[in-house]
Amino acid sequence: MSPANRRITWLILAFVFLSLAGSVLPLLPGVETLLPLPLVGRDSALALHTLVLMAYMAFVFPLSLLAPEPGLDARDRRRWDLAWWWVGGFILAFSGVPLFVLAYIAGVHLKVVIAVLAWAGIFHGLAIVWTRLFGYRWRSVLVVLNFLLAVPVTALDHFSRLLDRPVSWWSPFAEVRGMTLDFQEPGLLLPLGLLGAISLLVWLPNRMPRIGPGALVLLLALVSLVGAGQGGGGAEVRLLGNAFFVPGRALPIELRAEPGQSISLDVAGRERLRWAPRPGEPAIRHYHASLLQSGERIVARDGRGRILIDQGVLALAADRRLVLVVGEIALDWPAEAELVRIEPEALDRSASGLGLYAALVLASGAEARLDRDQRAALVDALARGQVLIGPLAEGYTDEVLGRGRRLGHDGHRWPEGLTLEGREAPVAEANLYSSFALPDWGRVDLRGLMAFLGLYHLVFYLIFLLPLLIDARKGLGVYLVSVAFVLGLLIGGAYLVLKRVFLNENQILQQNVGVFVMTDMGGDQPLLLSQSTCFASFNGAVVGIELGLDEDPVLVYPPAARGPGRLELEGDHLTLAALRLDRRASKQMVRFEARADSPWRLEPGPEGYQIVTRPGVVDRFGLNSARIRAAFLRRGGHLHEVRVEGRLLRPAAEKAALRWHQVVPEDLRAEGIPFLTHALGRLGPEGDVMGVLLAGARLMHDEAGYLQRRDVLQLLLIPLAEN
């Protein structure tokens, strides 16, 4: 083997060994306790591997540079430098895959990997330029300069205020440390600019091909065709709340467009969507905007950019209530009513859209003109606490449905004694939002990912031997081409495996809290489900979440009120296409609400309360197959113990009030208690309530493709007296 090929062999294989140790060791379970060393652990794995790469490029690689044979002319010496340039490039390319994996686990953006590789490439290129300018004997001086930048200058963090510029401006090591350990926003302009300048000094790039006149004309024609294919005019947008919104409720916006037309909607600069109906799809869509404060603007444009609506929306005054009037009807309205009139065919098909209104009023014959989805939305809205008023041919009726009421009367006056109660709720429920845990890689089994990294390094070692055996005695150029070929195959295959198997784009933590509310003991009234779901990202990147409109999702924004980056409405799905989830600071909560016939009823007896299955009832939420973990009793505002024997619930004889940690299982005490207090305070029926903690019930938005899905709490609340 030639001396150059032998030096290249040891140089690359040594880095492979260090890279394996720096990428797999921090991911081992419990390594923080076994090796209580800094930078050893899953949270600092990226910083450790980056340290290995930077140290190798700044110190090991310059010292390993092999001087060319004496007697070579300037052209041959330049070719020798380019060969070493490619060797360092192999190391950088090889380390890109482990960095990509560890950056994903660290929860930082991909541009951190680009910045790290760029800074490492700068040190690599400087070594080549330095030896070209000063000779190979002076390469140790470069190592000393790098040491000064890495240690003394970086230690000036405590004195950075005395400098005109931050420490990172003086030391690339400090910049890289801030990105990988402190997760600072990386800057790409400086490292990429320096890398480009150094690359010009090492290797002048080929001349870029020009764009000819024919290609330019073709490009302009394609742009024109795309512009002509945009939707034409005639689209309409209407706010169904008459420019008012109720805090905590979703404001329905009606979109009307024909195939070939499109509508772009911008809600307060946070929510953006574009809707273009396809042939055969309905021409009417409802979008439910979540507004945060009074005066926020809603802007809608058609496919040609013309403004369809541009207005601010005001929060409804505390003494006013929105009332939806469907069809033509004349009543003596109460003073606090703020009316919104629509035609029956324009009625929203979701309960969250109807949840904006305190009462719904149907004109004679209007209900018969509603389709199945609209009628189902009405029933859902009633079950969740609204009032439906409709004229009847005879008599006066007052029917309780879930938490709401359905009234019928034969006159034109507002029902006597009926007052509109406010249903406001805070848009960002800060306590509930903060109770959801942040993603924790410690809960995730990373054995598959560690095996992949080990196999990646092993395969490179094996395939590296192939060109070594075939081309070891050949020229340096042939040897480098062989190495580049097998390395390219390895990196490309590893990237495809990562994207399709390990690091697909749906690596999201979904946490669910489901509260089932039986509105009566006999199960005759609807069973209500209120589900709070929190989405958080393990990798901190921009992710996409698809929600079905039939799930009736309501977006709940965090206290910071940043909101999703972009929303898209396509068919029956609402997609949060550009949702930025920083796993340390930002989550997205979505509230789902549904109703169903109750499969259970609660029968009191001498030994306690028996849960009995109701025959002939479809068990939509799988309560019959769920496991009862524990139960508690709220009586007179205090908690009491309940013993669970199968489906028999026995309240304890003692009358002393207990605390939460005394009535819930140990594994629920840390995370579940905040959600329990929220459920009883906001969702629980009035009076005495039996609380049943479940496991295994079916909740909404059961997406199995996420990295981790966990049900934090499943709670069933049953009133012990008819409401």
Side-chain angles (χ1 to χ4, degrees), residues 7 10-19 21-23 25-26 37-40 44-67 81 84-85 87-92 94-95 98-99 112 115-182 184 186-187 190-195 197-199 201-202:
R7 180 66 62 90
W10 285 110
L11 185 66
I12 293 182
L13 291 183
F15 180 78
V16 168
F17 174 79
L18 293 176
S19 174
S23 58
L25 179 64
L37 301 174
L39 300 184
V40 176
S44 56
L46 175 64
L48 177 61
H49 193 276
T50 301
L51 177 63
V52 171
L53 176 63
M54 295 291 290
Y56 201 86
M57 282 300 179
F59 303 106
V60 178
F61 189 83
L63 294 177
S64 66
L65 283 176
L66 185 65
D81 294 339
W84 281 100
W85 170 261
V87 171
F90 294 160
I91 295 177
L92 291 175
F94 174 82
S95 60
L99 281 176
V112 172
V116 169
L117 293 177
W119 281 115
I122 289 172
F123 282 101
H124 161 53
L126 279 176
I128 305 295
V129 175
W130 183 274
T131 55
R132 181 176 293 179
L133 293 176
F134 301 102
Y136 288 86
R137 295 181 179 180
W138 293 92
R139 58 181 180 268
S140 299
V141 177
L142 180 62
V143 175
V144 175
L145 294 177
N146 291 339
F147 177 82
L148 295 177
L149 291 176
V151 180
V153 175
T154 307
L156 292 176
D157 271 341
H158 299 289
F159 309 101
S160 59
R161 295 182 180 180
L162 302 178
L163 304 175
D164 294 332
R165 297 183 182 274
V167 175
S168 60
W169 188 84
W170 301 90
S171 171
F173 293 94
E175 173 75 13
V176 173
R177 184 190 63 182
M179 291 186 300
T180 59
L181 196 58
D182 300 329
Q184 298 173 356
L190 179 61
L192 291 180
L194 288 176
L195 182 61
I198 293 175
S199 300
L201 295 177
V202 177

[X] and [Y]: which non-hydrogen atoms are nearest, and at how many Å?
X	Y	answer
Met54	Val116	SD-O, 4.4 Å
Ser199	Leu195	OG-O, 2.7 Å
Tyr56	Pro62	O-CD, 4.4 Å
Ile122	Pro191	CD1-O, 3.5 Å

Contacts of Ala47 that satisfy side-chain contact (heavy atoms from CB on, under 4.5 Å) - sequence neighbours left out: Leu39, Thr180, Leu181

Ala55: side-chain contact (heavy atoms from CB on, under 4.5 Å) partners, not counting sequence neighbours: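 Once residues adjacent in sequence are excluded, the partners of Ala55 under the side-chain contact (heavy atoms from CB on, under 4.5 Å) criterion are Phe59.
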
Any Val112 side-chain heavy atom under 4.5 Å of Leu46 side chain: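 A side-chain contact under 4.5 Å exists here.
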
Going by atom type alone, with no hydrogens or angles, which donor-acceptor pairs under 3.5 Å involve a side-chain atom of residues 140-150 and a protein atom two or more places apart or on another chain?
| unit_1 | atom_1 | unit_2 | atom_2 | d |
| --- | --- | --- | --- | --- |
| Asn146 | ND2 | Ala58 | O | 2.8 |
| Asn146 | ND2 | Leu142 | O | 3.3 |

Stepwise side-chain contact (heavy atoms from CB on, under 4.5 Å) test for Phe61 and Phe15: CA-CA 10 Å; Phe61 189 83; Phe15 180 78; over 6 Å; no

Phe123-Phe173 aromatic ring centre distance below 6.0 Å: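 Aromatic pair counts; centres sit under 6.0 Å.
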
Donor-acceptor contact present, side-chain Trp130 to main-chain Trp138, <3.5 Å: yes

Phe17: ring pair (Phe, Tyr, Trp, His ring centres under 6.0 Å) partners, not counting sequence neighbours: none

For Ser19, side-chain hydrogen bond (donor to acceptor under 3.5 Å, both in side chains) partners two or more places apart: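 Residues passing side-chain hydrogen bond (donor to acceptor under 3.5 Å, both in side chains) with Ser19: His49, His457.
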
Full working for side-chain contact (heavy atoms from CB on, under 4.5 Å) between Leu92 and Leu53: CA-CA 8 Å; Leu92 291 175; Leu53 176 63; 4.1 Å; yes

From CE (Met179) to OG1 (Thr50), nearest 0.5 Å: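 The OG1 atom of Thr50 is 7.5 Å from CE of Met179, to the nearest 0.5 Å.
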
